[in-house]
Amino acid sequence: MTDILDELQWRGLVAQSTDETALRDALAEGPVTYYCGFDPTAPSLHHGHLVQLLLLRHLQLAGHRPIALVGGATGMIGDPRESGERVLNTKDTVAEWTDRLRSQVSRFLDLDGANPARVVNNLDWTGDLTAIDFLREIGKHYRLGTMLAKDTVARRLNSEQGISFTEFSYQILQGIDFRELFLRYDCTLQTGGNDQWGNLLSGVELIRKTEQSSVHVMTTPLITKSDGTKFGKTEGGAVWLDAEMMSPYAFYQFWVNAEDADVVRFLKIFTFRSRDEIAELEEAVQERPAAREAQRVLATDVTTLVHGAEATEAVITASKALFGRGDLDALDEATLAAAVHELPSVTVTAGDGVVDAIVAAGLVASKGAARRAIGEGGVYVNNAKVTSSEAELDAAAFLHGRFAVLRRGKRTLAVAESQA
Ligand SMILES: N[C@@H](Cc1ccc(O)cc1)C(=O)O
């Protein structure tokens, strides 16, 4: 069996760790209990959390014991971020989002078997902690100099806005969590994004001081794109894992649009494909980039992982149908709505001319160009070739009474939406 740390390093999932040799030995010796925390700062996890979930899963598949922590307590405080002080959410909101995250993370881990995952909420041990106990029993172990030197704190301290005592204290809460999980479950490894380094060490130091034990941390690198733009930025903000916040169709599109220069790196990080499979896909990128095989594997695997096989199949069927390789009539309304959601759109009334619609949708520059395109046989409504410049979008053209898919040539799409 390959060394799991080697495997994770090969995948590009490791940025830094405490004593690498000791960690490697610990992972080789037997099952290690490890954890990663997720704060309810939104109703859903996103692409950044996905990296952490994959790391948890890889370690679980290698026989180790995961704990996914949801931050019912830390979510009420807020991890200091560079952009400034957070607005506190109500306790009800935090509780609701914590529940949602709990069920989301559970889907990525095996809750049964020989090394089942646990899902815990840090409110269970932080909720009843009194201010006096917090200051006497925990606060005494924290040196102000160390706390102030933490990257995120230092940056905020030097910003115009500064940092509240509330957010400044966050690192202690995360330290308490690691110690609690160490005491309860013999958890000896915490993982997280590289921006979490300071928070991870908080627990390492607390456990060293109060339990005279040494534990490990390991971080994942920030995922970057080769063109320098931010990974995971879409029109709707983040790449959400919740199907209500980002349709599986849009989710699939995000991955299938990965650049050739990024796709192999993303396959290693976001899929469970083997070295051989990835080597083959790498060759495909070099030899047949236009076929986008690697991108399709990436998008299919990640969408299947997050939304399941059935939703993924529906997405693939829909995107084929949009481009004329399948039956648009067969798509259910929700799938079709998701599929046309990101297309340029024009609102029309039944009876409007195709020429006007494709001009308004931006598929052609002018009415003259529209007539020429139709004359050349390059305009389609719902995949049927338009044969006359006089053609109209009659009521029957609107799928589910709502959408007519307009296409210019092979690839350029728009949607005409029927006025309600
Ligand atoms: N601070 C982490 C979340 C977290 C919360 C509690 C923990 O014990 C660990 C991690 C983040 O913002 O991503």
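Counting starts at 1 for both ligands and their atoms, in listed order.
- Taking the side chain as every heavy atom from C-beta outward, Phe231 and Asp262 never approach each other to under 4.5 Å.
- Tested against Val302 for a side chain to side chain contact (heavy atoms under 4.5 Å, CB included), the candidates Phe251, Tyr252, Phe266, Phe254 yield a single pass: Phe251.
- Under the 3.5 Å distance criterion, with hydrogens and angles disregarded, a donor-acceptor pair is assigned to the side chains of Gln196 and Gln174.
- The protein heavy atom nearest to atom 6 (C) of ligand 1 is Asp177 OD2, 3.3 Å.
- Taking a cut-off of under 4.0 Å to the non-hydrogen atoms of Gln190, the atoms of ligand 1 that pass are 9 (C).
- The side-chain heavy atoms of Trp197 and Leu201, taken from C-beta on, include a pair separated by under 4.5 Å.
- Protein heavy atom closest to atom 2 (C) of ligand 1, with residue, atom name and distance, is Gln196 OE1, 3.3 Å.
- No side-chain donor from either of Asp186 and Thr33 sits under 3.5 Å from a side-chain acceptor of the other.
- Ranking protein heavy atoms by distance to atom 12 (O) of ligand 1, first place goes to Asp79 OD2, 3.1 Å.
- In this model, a donor atom of one side chain and an acceptor atom of the other lie less than 3.5 Å apart for Gln52 and Thr220.
- Listed by atom number, the atoms of ligand 1 under 4.0 Å from Gly37 heavy atoms are 3 (C), 4 (C), 9 (C), 10 (C).
- At a 4.0 Å cut-off, at least one heavy atom of Tyr35 sits close enough to ligand 1 to count as contact.
- For ligand 1, the polar-atom distance check against Gln174 finds a nitrogen or oxygen pair separated by under 3.5 Å.
- Atom 5 (C) of ligand 1 has as its closest protein heavy atom Tyr170 OH, 3.2 Å.
- Close approach of ligand 1 to Leu69 is summarised as follows: ligand atoms under 4.0 Å from at least one heavy atom of the residue are 6 (C), 7 (C), 8 (O).
- Side chains of Glu20 and Gln9 form a contact here, defined as non-hydrogen atoms less than 4.5 Å apart.
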